[in-house]
Amino acid sequence: MTTKSERIGLLPIGAITVLAAVARIAAIRQPMRFDESISWAYYVGRSWFTIITSYSYPNNHVFYSLLAKLVASPFNYQPWALRLPAFLAGVAIIPLVWAVGRRLADERSALVGAALAAGSTALALFSTNARGYTLVTAFFLALLLVADHLLEQPSRRNVIRFAVIGGLGLYAIPTMMYPLGVVALWAALNARFINPEERRPYLTALGSAAAGSCVIAAVLYAPIMVSSGITSLVANKFVAPSDWDRFVLDVVPMITETLGSWVSPWPPISLVVILPLALVGAVADTASKRSSVAAAAVAWCGVLMIAMHRTPFARVWLFLLPLFFLAVARGIWRALDAITRTRATGEVLAALLVTCAMVWQLMRSHAVELAEDTGLFRPGSEVAALIGPQLHAGDRILAPMPSNGPVLYYITRAGFDSSTLNRTFSQTRRAFLVLDTRHEQTLDWAVANGIVATQYWKSPTLLAKYPDAEVWMMERNSQ
């Protein structure tokens with residue numbers, strides 16, 4: 001049972017969490033994006049059996065898809081309902097950052113780290129995106145806490161907790177192998193801080209926990225491996241090894257994109273200040289009885305990425321962002337300690353001010369709604385409302401990426417014929433062409449990319465022009 005003073009001590013992190021939730025609620029009704037629309041169309045919006053057996057695209061974050069179907073189907077798959085599991089996991093990340101910071105760093109860094117996470121564009125974006133990335137991030141932070149408890153008490157209960165969390169994380173997204181490996185390596189390195197006679201039982205428990213995660217994931221993925229084959233999971237086009245030359249060339253852009261997303265909603269130039277603070281804060285205390293999580297992350301992720309020689313999407317590294325914020329927070333306090341020549345205080349006030357500044361900047365800039373990641377196409381519902389009532393037999397919608405996913409979602413949910421998005425050319429008599437002007441899609445671009453063959457169509461007619469899109473109507477030549 002917690003004491004009154006302990007409950008009062010929870011008020012700051014409670015306030016930070018509430019502000020984080022407010023910032024995410026403000027963006028949860030944003031227009032559907034490409035990735036989550038395709039996930040709904042092929043998995044979440046279909047049968048339970050399809051979700052657990054089909055992996056034709058990596059868009060099926062299976063555990064997330066199951067949660068989204070459970071929550072959203074009673075609400076006709078409204079965007080906010082599809083995103084609710086991501087939202088809840090995204091809000092839970094805030095107190096988890098604080099808990100990890102308290103355990104592995106200090107109270108000051110824990111509060112300010114949670115404050116930075118509260119207003120992070122990347123964390124807010126994936127908290128309002130029907131994908132499994134916030135689940136993986138929350139599982140990673142929970143695994144760190146369980147692994148640290150395992151160090152103190154290698155009990156069966158902690159082994160089971162580790163195995164279940166790791167297994168569900170892998171079932172959410174196979175890229176959980178990155179955070180799972182980071183925690184396992186970090187926990188193994190911590191063995192040097194315990195008595196030699198306790199080391200073997202600890203490492204045995206850790207090995208059993210990690211192996212248990214893999215066994216649970218294998219059992220859960222069994223229906224997919226039977227129906228789609230294991231290559232659909234481990235050798236699809238998004239994870240297949242690339243040429244070594246391409247791999248080397250892709251590393252720097254990946255790092256640049258990742259760091260740029262990590263400091264948003266502040267401009268990339270802020271890295272000049274933030275990155276040195278993170279480097280200072282990442283250095284472990286000499287008196288610490290724990291290994292450096294940052295060092296374990298660099299080692300495991302670097303080796304695994306080289307072994308696969310394939311650079312992941314920047315969003316795959318989202319799970320490391322809370323640790324980055326904790327490092328920045330500790331760097332700030334270390335800098336203040338050096339300046340004042342004493343131990344700086346005022347962490348509660350500092351954390352609340354940082355939270356307010358971060359959340360204000362996040363909401364003022366509309367950074368979440370304008371983020372390009374996962375396929376932004378804002379006028380999807382308007383385009384569907386325009387085209388849908390005009391659709392007749394023999395019509396087709398020509399919608400290149402990223403507009404095709406959102407248009408498919410809104411057309412289908414409105415009750416119109418979704419087959420118009422994939423009707424064969426021979427069956428097509430009239431076409432509606434959707435162009436995303438935000439990505440410089442024009443009529444000339446559509447012709448150059450083979451989307452429109454001018455010899456088969458009459459002159460197109462502009463039906464509507466939106467801030468980010470144009471809709472054209474074209475009729476087939478009679479010949």
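None of the values given here were measured: they were computed from a predicted structure.
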Is it true that a side-chain atom of [X] and a backbone atom of [Y] form a donor plus acceptor pair closer than 3.5 Å?
X: Arg46; Y: Ile51; value: no
X: Tyr410; Y: Met32; value: yes
X: Thr340; Y: Leu336; value: yes
X: Ser213; Y: Ala209; value: yes
X: Glu470; Y: Lys465; value: no
X: Ser403; Y: Pro400; value: yes
X: Arg438; Y: Asp468; value: no
X: Thr442; Y: Trp445; value: yes
X: Ser127; Y: Val91; value: no
X: Arg83; Y: Gln78; value: no

Are [X] and [Y] side-chain neighbours, meaning at least one heavy-atom pair lies under 4.5 Å?
X: Val136; Y: Pro179; value: yes
X: Met305; Y: Val316; value: no
X: Leu408; Y: Ser37; value: no
X: Leu220; Y: Leu168; value: yes
X: Phe162; Y: Leu180; value: yes
X: Glu347; Y: Leu352; value: no
X: Thr175; Y: Pro312; value: no
X: Leu433; Y: Leu435; value: yes

>> With salt bridge (charged side-chain N to carboxylate O under 4.0 Å, His left out) as the criterion, how do Arg378 and Glu369 come out once you've worked through the C-alpha distance, each side chain's angles and the decisive distance to 0.1 Å?
In response: CA-CA 9 Å; Arg378 291 188 291 179; Glu369 294 88 340; over 6 Å; no

For [X], is the [atom1] atom crowded, meaning more than 12 foreign heavy atoms sit under 6.0 Å from it?
X: Arg103; atom1: CZ; result: yes
X: Arg192; atom1: CZ; result: yes
X: Tyr42; atom1: OH; result: no
X: Glu152; atom1: CD; result: yes
X: Glu257; atom1: CD; result: no

Regarding [X] and [Y], do their side chains bring together a donor and an acceptor under 3.5 Å, going by distance alone?
X: Thr134; Y: Tyr64; result: no
X: Gln30; Y: Arg33; result: yes
X: Lys69; Y: Tyr43; result: no
X: Ser65; Y: Asn60; result: yes

Could you pull out the closest heavy-atom pair between [X] and [Y], with the gap in Å?
X: Leu326; Y: Ser109; answer: CD2-O, 3.6 Å
X: Ala335; Y: Leu277; answer: CB-CD2, 4.4 Å
X: Arg330; Y: Val283; answer: NH2-O, 3.4 Å
X: Leu206; Y: Ala184; answer: CD2-O, 3.7 Å
X: Val71; Y: Pro85; answer: CG2-CG, 4.3 Å
X: Phe247; Y: Ile306; answer: CZ-CA, 4.1 Å

For [X], the option from [options] that meets side chain to side chain contact (heavy atoms under 4.5 Å, CB included):
X: Ser264; options: Leu370, Thr121, Leu362; answer: Thr121
X: Val97; options: Leu141, Thr137, Ile16, Leu321; answer: Leu141
X: Phe325; options: Ile274, Leu123, Val112; answer: Leu123

Spacing of [atom1] belonging to [X] relative to [atom2] belonging to [Y], to within rounding of 0.5 Å:
X: His439; Y: Met401; atom1: NE2; atom2: CE; result: 9.5 Å
X: Leu96; Y: Trp98; atom1: CG; atom2: CH2; result: 10.5 Å
X: Asp373; Y: Ser261; atom1: CG; atom2: OG; result: 7.5 Å
X: Phe139; Y: Leu135; atom1: CZ; atom2: CG; result: 5.0 Å
X: Asp148; Y: Lys289; atom1: CG; atom2: NZ; result: 14.0 Å
X: Asn404; Y: Leu398; atom1: CG; atom2: CG; result: 11.0 Å

>> Let's go through Leu323 and Phe140 carefully: what are the C-alpha distance in whole Å and the side-chain angles of both, what is the deciding distance for side-chain contact (heavy atoms from CB on, under 4.5 Å) to 0.1 Å, and is it a yes or a no?
In response: CA-CA 10 Å; Leu323 298 186; Phe140 168 65; 3.6 Å; yes

Any salt bridge linking [X] with [Y]? Criterion: basic side-chain nitrogen under 4.0 Å from a carboxylate oxygen.
X: Arg108; Y: Asp337; value: yes
X: Arg131; Y: Glu36; value: no
X: Asp106; Y: Arg343; value: no

>> Run the side-chain contact (heavy atoms from CB on, under 4.5 Å) test on Tyr171 and Leu66 for me, step by step, so that the C-alpha distance in whole Å, both residues' side-chain angles and the decisive distance to 0.1 Å come before the verdict.
In response: CA-CA 10 Å; Tyr171 197 45; Leu66 293 170; 3.9 Å; yes

> Can you check whether Phe377 and Phe34 have ring centres sitting under 6.0 Å from each other?
Replying inline: no

> Trp80 and Phe75: aromatic ring centres closer than 6.0 Å?
Replying inline: yes

>> Students often mix this up, so state it plainly: with edges at 30° and 60°, are the rings of Phe319 and Trp317 parallel, tilted or perpendicular?
In response: tilted

> Parallel, tilted or perpendicular for Phe324 and Trp262, by the 30°/60° rule?
Replying inline: tilted

>> Could you go through Ser291 and Asn190, starting from their C-alpha distance and side-chain angles, then the distance that decides it, and tell me whether this counts as side-chain hydrogen bond (donor to acceptor under 3.5 Å, both in side chains)?
In response: CA-CA 6 Å; Ser291 297; Asn190 284 336; 3.2 Å; yes

>> Taking the cut-offs as 6.0 angstrom to the six-membered ring centre and 45 degrees off its axis, would you call Arg364 and Trp360 a cation-pi pair?
In response: yes

>> Under the criterion side-chain contact (heavy atoms from CB on, under 4.5 Å), I'd like the reasoning laid out for Phe87 against Ile25: C-alpha separation, chi angles, the key distance, then a yes or no.
In response: CA-CA 8 Å; Phe87 169 81; Ile25 289 171; 3.7 Å; yes

